[in-house]
Amino acid sequence: MLQIVQTRTAQADDLLAKLKARGKLTDESILKVVRRILSDVQEEGDKAVIRYTRKFDAPRISVKDLKVTREEFGEAYLEVPSEFIDAITHARTNITEFHKKQLRTSWLSTEDDGVLLGHLIRPLKRVGVCVPSVSQLLVSSLLMSVIPATVAGVEEIAACIAPMRTRDINPYMLVAAGECGIQEVYKCGGAQAVAAMAYGTETLPAVDKIVGPGNLYVQFAKKEVYGHVDIDKLAGPSEVLVIADSTADPDFVAADLISQAEHGPECAAILVTPSQGFAEQVKKSIEFQGARLPRHDQLTQSFENYGAAFIVSDLPEAVAFANAIAPEHLELHLEAPLDWLGEIQNAGAILVGPYSPEAVGDYIAGPNHILPTGTAARYASPLSVDDFLKKTSLISYTKAALEKVTPAVVKLAEVEGLEGHAAAMKIRFEED
């Protein structure tokens, strides 16, 4: 399953280039389909949303089915075990408490001569969440999308969730939405859901921002509507990079690589270690553990596509390698992992030590698992409360304060050739 390669070789360079290129939005055939869907929904509203939902998800769905009813929420609660609700409650509490720590407040500052400056923080009014639920049931991503918006104070949150062929939404998804306080749920997914939220339809009012993961059709659609509405980020296939030394447990590392690879054949599971022997142990453990899992064939394909163990000369090279890849998830299975935190510059989330697997971060630890992918951790951050807040600058000058700065403003305006700007300053101090 796992390829083992030495760094600074042609094979390693080729594999690294392949890893960095994965998930890029460059498929013209998908873009063409997405643009047609967006155009149709913008022109036809509900009619187009239903047509595409029938085509891709539920053949018998109709406009009257589009919005989930109170009765459907009630029926969903009857179908899920109480243990699931307990788990959702546990996760929701941790995620909420973590994101509350990110809240910021407006501030005002009084400067010389009565100048008042400030930063006003306000939540967005209406947000749309699009979460997969058919090929993969991403209950956790629903929580990670909704809870920061709720903590930020967003008034209206609409969730778009693709229905099953029966026209119903998976009850686990509906209950998760209900437990997060979301009652506005629509039975549509994919590019048609993005279009509906961006442009609005007769049933689904337009939103100000669209967040949530999805396949390439969803990501292309989000990219196309950006500017008409805001989006959180363009999310590529998921990835984990594990830095491990010979003190690490190869079975733990193998299990964590498997947990990433089972997301799909485009996902990357990467080990970086100075120990060839340790890499061989991990490879054997992956084969042993993977053979006993229901997604064995998918795991095999994922590891063949983007699974690799890179052998480096030492830990400083391992860290430099990780910073170059800028992984979504970075696990440190090291004798002294905290000693290396300061050297890590590019990662969406860092999981420290053998008992901090990616799985606990995905579900219940509290930090958001919607993270930058495809090297975007070089400049991007996890989804947070900030993504649902807008900031407005406040400026208030007195006459005395404005008079002091007028010569400087006039000079800068004249250099830029903006005489109107200069005149707007001077007119306030002309006697005639």
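This structure is a prediction, so every number in the text was calculated from the model and none was measured. Computation of the quantities below employed the complete heavy-atom set of this structure, encompassing side-chain atoms and omitting hydrogens, waters and symmetry-equivalent molecules.
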message: Apply side chain to side chain donor-acceptor pair (under 3.5 Å) to residues T89 and D86 and explain how you reach the verdict.
response: CA-CA 5 Å; T89 300; D86 292 342; 5.3 Å; no
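- Across all non-hydrogen atoms, the minimal contact from F84 to V139 is CZ-CG1, 3.9 Å.
- Listed for the T398 side chain is a donor-acceptor partner under 3.5 Å among the backbone atoms of D113.
- Checking D27 against S29 by side-chain atom types alone, a donor-acceptor pair falls below 3.5 Å.
- Taking CG of D387 as the start and CD1 of I370 as the end, the distance is 9.5 Å to the nearest 0.5 Å.
- Across all non-hydrogen atoms, the minimal contact from A269 to L2 is O-CD1, 4.3 Å.
- One distance of note links CD of Q183 with NZ of K67; it measures 10.0 Å at 0.5 Å rounding.
- Between K222 and D232, at least one side-chain nitrogen of the basic residue sits less than 4.0 Å from a carboxylate oxygen of the acidic one, meeting the salt-bridge criterion.
- H99 places a side-chain N or O within donor-acceptor distance of the main-chain N or O of I95, the cut-off being under 3.5 Å.
- Side-chain contact, E419 with H421: no donor N or O sits under 3.5 Å from an acceptor N or O.
- By the 4.5 Å heavy-atom criterion applied to side chains, D208 and V229 are not counted as neighbours.
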task: Output, in order, the C-alpha distance, side-chain angles, deciding distance and verdict of side chain to side chain donor-acceptor pair (under 3.5 Å) for H333 and E331.
output: CA-CA 6 Å; H333 289 246; E331 293 191 7; 2.7 Å; yes
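- The environment of NZ in K391 is crowded: more than 12 heavy-atom neighbours from other residues, nucleotides or ligands sit within 6.0 Å.
- Side chains of H119 and S106: a donor-acceptor N/O pair is absent below 3.5 angstrom, by distance only.
- Heavy atoms only, all atoms of each residue included: H263 and Q298 are closest at C-NE2, 3.7 Å.
- The number of heavy atoms from other shown groups lying within 6.0 Å of CZ (R165) does not exceed 12.
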query: Passes salt bridge (Lys or Arg N to Asp or Glu O under 4.0 Å), D65 versus R60? Steps please.
result: CA-CA 10 Å; D65 300 316; R60 295 185 294 112; over 6 Å; no
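- Every pair passing salt bridge (charged side-chain N to carboxylate O under 4.0 Å, His left out) that includes a residue from residues 69-81 is listed here, sequence neighbours excluded: E72-K187.
- Taking CD of Q219 as the reference point, atom CD1 of I30 lies at 11.0 Å (rounded to 0.5 Å).
- The side chain to side chain donor-acceptor pair (under 3.5 Å) search around E184 returns R126, Y186, not counting sequence neighbours.
- Under the salt bridge (charged side-chain N to carboxylate O under 4.0 Å, His left out) criterion, D168 pairs with no residue, sequence neighbours left out.
- Residue Y77 places its OH atom among more than 12 non-hydrogen atoms of other residues, nucleotides or ligands, all under 6.0 Å distant.
- Judged purely by distance below 3.5 Å, without hydrogens or angles, the side chains of D362 and S140 never pair a donor atom with an acceptor atom.
- Residue A191 comes nearest to L38 through the heavy atom pair O-CD2, 4.1 Å, listed as atom of the first residue, atom of the second, then distance.
- Residue Y363 qualifies as open at atom OH: its count of foreign heavy atoms under 6.0 Å is 12 or below.
- Of all heavy-atom pairs between A322 and P327, the closest is O-CD, 3.3 Å.
- Between the side chain of R378 and the backbone N or O of T375, at least one donor-acceptor pair lies under 3.5 Å.
- Side-chain contact annotation: E328 with S238, donor-acceptor N/O pair under 3.5 Å present.
- Partners of L293 under the side-chain contact (heavy atoms from CB on, under 4.5 Å) rule, at least two apart in sequence or in another chain, are I258, L299.
- With 3.5 Å as the limit, one finds no donor-acceptor pair spanning the side chains of N305 and S302.
- N368 places no side-chain N or O within donor-acceptor distance of the main-chain N or O of S384, the cut-off being under 3.5 Å.
- In the displayed structure, D112 atom CG is contacted under 6.0 Å by at most 12 heavy atoms of other residues, nucleotides or ligands.
- Relative ring orientation between F252 and Y355 is described as perpendicular, the plane-to-plane angle rising above 60° on a 0-90° scale split at 30° and 60°.
- Inspection of the E317 and T7 side chains reveals an N or O donor paired with an N or O acceptor under 3.5 Å.
- For the ring-ring contact (aromatic ring centres under 6.0 Å, His included) test, residues two or more places apart in sequence or in another chain that qualify with H228 are Y199.
- Contact check for V175 versus I88: no side-chain heavy atoms found under the 4.5 Å cut-off.
- Looking at residues two or more places apart in sequence or on another chain, you find no salt bridge (charged side-chain N to carboxylate O under 4.0 Å, His left out) involving E111.
- Residue-environment remark: CD1 (I427) stays at or below the threshold of 12 foreign heavy atoms within 6.0 Å.
- Dense packing is recorded around NZ of K18, with more than 12 heavy atoms of other residues, nucleotides or ligands lying under 6.0 Å away.
- Y379 and N346 form no side-chain donor-acceptor contact under 3.5 Å, judged by distance and modelled atom types alone.
- The closest donor-acceptor contact from the side chain of S39 to the backbone of R35 lies at 3.5 Å or more, if one exists at all.
- Checking side-chain atoms of D256 against main-chain N and O of P357 turns up no donor-acceptor pair under 3.5 Å.
- P382 and G348 get closest at one heavy-atom pair: CG-O, 3.4 Å.
- Panel note: side chain R428, backbone A424; a donor-acceptor pair is recorded below 3.5 Å.
- In terms of modelled atom types and a separation under 3.5 Å, the side chain of D46 and the main chain of V63 share no donor-acceptor contact.
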